[in-house]
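Positions are given from 1, in the same order as the sequence printed here. Both backbone and side-chain heavy atoms feed into the values below; hydrogens, waters and symmetry mates do not.
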Amino acid sequence: MDINLAILLFSAISFIGYGVNSFFSKRMISEYERWGYQNQRIILGSCQVLGGLGLLIGLAIPLLLSVASFLLMCMMLTAVFVRIKLNERLVKMLPAFFYVIVNFIIFYNSVV
């Protein structure tokens, strides 16, 4: 398996899983409350699921891959800034920052 495909599948599955957890997981519901986004939880979770699906469908439709990876990268960059605003420790920011990098790689590879 190509490394770029592996990265894409990892990101897509992660976002779909995280998005679904946003709907049902008590831990995730409390996290959204802590971040101050409890009213946006459903829409943000839906965006994560759609973004993950966009990555998968983007394997067949390159423009969709570029758009989905760019938007997921922006979403995770925003998540980093939210954590900075909340003065969270660096270790709490690392997963979001990791997904910024992963989706930047996917985006970059989709436009080159």
Side-chain angles (χ1 to χ4, degrees):
M1 178 184 297
D2 172 273
I3 187 70
N4 292 321
L5 178 59
I7 290 170
L8 186 148
L9 292 174
F10 173 79
S11 183
I13 292 167
S14 295
F15 276 102
I16 292 168
Y18 198 86
V20 169
N21 276 332
S22 296
F23 303 137
F24 305 111
S25 166
K26 289 181 182 180
R27 185 181 78 68
M28 287 307 303
I29 292 169
S30 68
E31 284 293 291
Y32 277 96
E33 289 174 3
R34 186 173 65 82
W35 297 328
Y37 290 96
Q38 62 272 13
N39 294 332
Q40 293 84 15
R41 177 178 56 86
I42 298 300
I43 194 156
L44 290 170
S46 297
C47 288
Q48 292 166 347
V49 170
L50 290 172
L53 292 173
L55 293 178
L56 295 176
I57 297 168
L59 290 169
I61 306 170
L63 178 61
L64 184 57
L65 178 61
S66 297
V67 170
S69 59
F70 179 78
L71 292 174
L72 288 172
M73 178 183 67
C74 290
M75 179 184 276
M76 290 297 96
L77 191 56
T78 302
V80 170
F81 287 123
V82 166
R83 285 176 167 82
I84 289 171
K85 179 182 166 194
L86 295 174
N87 292 320
E88 289 192 349
R89 298 177 318 173
L90 180 62
V91 71
K92 290 263 194 176
M93 293 180 216
L94 288 178
F97 188 69
F98 171 76
Y99 281 101
V100 169
I101 294 168
V102 165
N103 283 284
F104 174 77
I105 292 168
I106 296 167
F107 175 71
Y108 179 81
N109 287 331
S110 72
V111 295
V112 208

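For the side-chain contact (heavy atoms from CB on, under 4.5 Å) with Phe97, the qualifying choice from Val102, Leu90, Val80 is Val80, the only one to do so.
Summarising the local packing, OH of Tyr32 is surrounded by more than 12 heavy atoms from other residues, nucleotides or ligands at distances under 6.0 Å. Other residues, nucleotides and ligands place more than 12 heavy atoms under 6.0 Å from the CZ atom of Phe23. Under a cut-off of 6.0 angstrom, the local environment of CD1 in Ile43 is sparse, with at most 12 non-hydrogen atoms contributed by other residues, nucleotides or ligands.
Within the model, atoms OG of Ser110 and CG of Leu8 stand 9.5 Å from one another, a figure rounded to the nearest 0.5 Å. Rounded to the nearest 0.5 Å, atoms CE (Met76) and CD1 (Ile101) are 13.0 Å apart. With values rounded to the nearest 0.5 angstrom, Ile105 atom CD1 is found 11.5 Å from Met73 atom CE. Here Asn103 contributes atom CG and Leu77 contributes atom CG; the two are 11.5 Å apart, rounded to the nearest 0.5 Å. Separating the SG atom in Cys74 from the CZ atom in Phe107 is a distance of 8.5 Å, to the nearest 0.5 Å.
By the 4.5 Å heavy-atom criterion applied to side chains, Leu64 and Leu55 are not counted as neighbours. Side-chain contact between Leu59 and Leu5 is present, with at least one heavy-atom pair separated by less than 4.5 Å. Side-chain contact between Leu44 and Ser22: absent, with no pair of heavy atoms (C-beta onward) separated by less than 4.5 Å. You'll find the side chain of Tyr37 reaches within 4.5 Å of the side chain of Val82, heavy atoms only. Taking the side chain as every heavy atom from C-beta outward, Glu88 and Trp35 approach each other to under 4.5 Å. Ile106 places none of its side-chain heavy atoms less than 4.5 Å from the side chain of Asn4. Between Gln48 and Ile16 the shortest side-chain heavy-atom distance does not fall below 4.5 Å.
Lys92 has no carboxylate O lying under 4.0 Å from a charged side-chain N of Glu31, or vice versa, which leaves the two without a salt bridge.
Phe10 meets the side chain to side chain contact (heavy atoms under 4.5 Å, CB included) test with Ser14, Phe98, Tyr99; sequence neighbours excluded.
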